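The next block holds one structure in the form of structure tokens; read it before the comments.
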2 protein chains.
Amino acid sequence: MAKTPRKKASKKGLILLKAATLFRQRGFVATSMRDLAEVVGIEAASLYNHIRSKNEILEAICFDIANLFNEHLDQLESTKASSIEKIEQVLRFHIRHMVENYEQVIVTDREWRHLDEPFLSNFHTQRRAYRKRLAFFIEEGIQKKEIRPIDAPTAVLILLHAISGIESWHRSKKKISARELEENMLTILIDGLRKNV
Amino acid sequence: MAKTPRKKASKKGLILLKAATLFRQRGFVATSMRDLAEVVGIEAASLYNHIRSKNEILEAICFDIANLFNEHLDQLESTKASSIEKIEQVLRFHIRHMVENYEQVIVTDREWRHLDEPFLSNFHTQRRAYRKRLAFFIEEGIQKKEIRPIDAPTAVLILLHAISGIESWHRSKKKISARELEENMLTILIDGLRKNV
DNA sequence: CCTACCGATCGGTAGG
DNA sequence: CCTACCGATCGGTAGG
């Protein structure tokens, strides 16, 4: 409750936040540590009192986001919802984070390839596993006749990428509300999956 | 019909092709002219006998793709197809090019931000115009009750981004056929739009 | 198409 | 947290 609790941690937090913004705008490789230092308000060399390397910043962003989504999926799997309800919950979670933390989500999505080993392999593995779990929801739904018979990995790929389009929504001038965005996306995507009875 | 017709033009073509592959794999900024020279089989300095700058390569890739899609849309607009048929044709065209020329399409999609002015503004304008034309198809379809009442720009954003997911299909081990991919995507996306009667 | 090379900028360190 | 600086690499040019 003090006014400056763990000053160092909050400065590191600021660096990660500003880095996410720059990495989204210019890309990880095209953002220099001098660019980052400038928006943080210190000299480039001083950044290294808070972080070990440029790549460590990317690691922090990517794995924070990966953990967030993995934990949500863990919770959801222990639930009794129907397959299509589970898919809906996953989509709503993704959409909300693309609306609220879109800088981090987009950076993770677009720049994770620049991770160094062993983080690159680790991330890649987690990503494939996450998609497989989603594909399993869809296969389950197809068996239960909730979802039309389609290729499950293709459906996953459509769903996840469709959501990344929210980046354009952020930049559009006359935005619909976040609530409307979510309902519109759900309408199109869920009804595209649902088996008409 | 000679064996080496316009040697210089074909070498430039080779450079553009190899560049698209590298730019997709590593990103535009992270690909050096020395990397490119190596896969082309010449020294870095020699590249400049065929192209003027690194950015000119990106320009060639992005505007080739932009022209391709714009011309397709021109043709389609002079057609008498229903709104939903027009959307379907656009999706099929995008899907096929993501299957066949995916290196160029993905590079355009992901790296166009690194274009220099005035190309950057030009491309950005073309991109917005293209999306507006698609949104118009959807609004038209809503009025004719072919398409359910949704926010048209949101629908466009979902459709276009969903297709970029085909990159993952390329990398997947057990792929379904291109034909199946196209039909699966159409099923989900078009039925997500269609008004149930 | 190559050798030789340039100035600029990069991520990062030493030392205080 | 700063000044001063390092080696590496970048896109690109000169000259042949």
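Below, chain A is the first sequence line, B the second, and so on; all start at residue 1. Fair warning: this is a prediction, and the values are worked out from it, not measured in the lab.
The separation between A:K12 atom NZ and D:dC1 atom C1' is 17 Å, rounded to whole Å. The distance from atom CD of B:E43 to atom C1' of D:dG12 is 14 Å, rounded to the nearest whole Å. Between the C1' atom of C:dG12 and the CG atom of A:L47 lies a distance of 11 Å, rounded to the nearest Å. In this structure, CD of B:E59 is placed 14 Å from C1' of D:dG11, rounded to the nearest angstrom. Here the C1' atom of nucleotide D:dC10 and the NE2 atom of B:H114 are 15 Å apart, to the nearest Å. The distance from atom CD1 of A:I51 to atom C1' of C:dG12 is 10 Å, rounded to the nearest whole Å.
Look at A:K11 and you'll find a side-chain N or O under 4.0 angstrom from OP1 or OP2 of D:dC1.
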Would you list the atom pairs, donor with acceptor, under 3.5 Å between side chains in residues 17-25 of chain B and any protein atom, with sequence neighbours excluded?
{"residue": "B:T21", "atom": "OG1", "partner": "B:L17", "partner atom": "O", "Å": "3.3"}
{"residue": "B:R24", "atom": "NE", "partner": "B:E103", "partner atom": "OE1", "Å": "2.6"}

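Atom CZ of A:R52 has 12 or fewer neighbouring heavy atoms from other residues, nucleotides or ligands inside a 6.0 Å radius. Summarising the local packing, CZ of B:F93 is surrounded by more than 12 heavy atoms from other residues, nucleotides or ligands at distances under 6.0 Å.
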Between N or O atoms, less than 3.5 Å apart, protein on one side and nucleotides 13-16 of chain D on the other: list the pairs.
none

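A donor-acceptor pair under 3.5 Å is formed between the side chain of A:E146 and the backbone N or O of A:I84. Checking side-chain atoms of A:E140 against main-chain N and O of A:S83 turns up no donor-acceptor pair under 3.5 Å.
Annotation: side chain of A:L159 is in contact with side chain of A:L193 (closest heavy-atom distance under 4.5 Å). In this structure the side chain of B:T187 reaches within 4.5 angstrom of the side chain of A:R148, judged on heavy atoms.
Relative to the side chain of B:K54, the nucleotides D:dG11, D:dC2, C:dC2 differ in distance, and D:dG11 lies closest.
Listed in residue order, the members of residues 21-42 of chain A having a heavy atom less than 4.0 Å from DNA chain C are A:T31, A:S32, A:M33, A:R34.
Both key distances under 3.5 Å define a Watson-Crick or G-U pair, and stretches of 3 or more such consecutive pairs in DNA chain D run C:1-16 with D:1-16.
Side chain to side chain, B:Q104 and B:D64 fail the donor-acceptor criterion of an N or O pair below 3.5 Å.
Aromatic ring centroids of A:F69 and A:H97 lie under 6.0 Å apart.
Take B:K54 and apply the side-chain hydrogen bond (donor to acceptor under 3.5 Å, both in side chains) test, not counting sequence neighbours, and it matches no residue. With sequence neighbours excluded, the residues satisfying ring pair (Phe, Tyr, Trp, His ring centres under 6.0 Å) with A:F123 are A:F63, A:W112.
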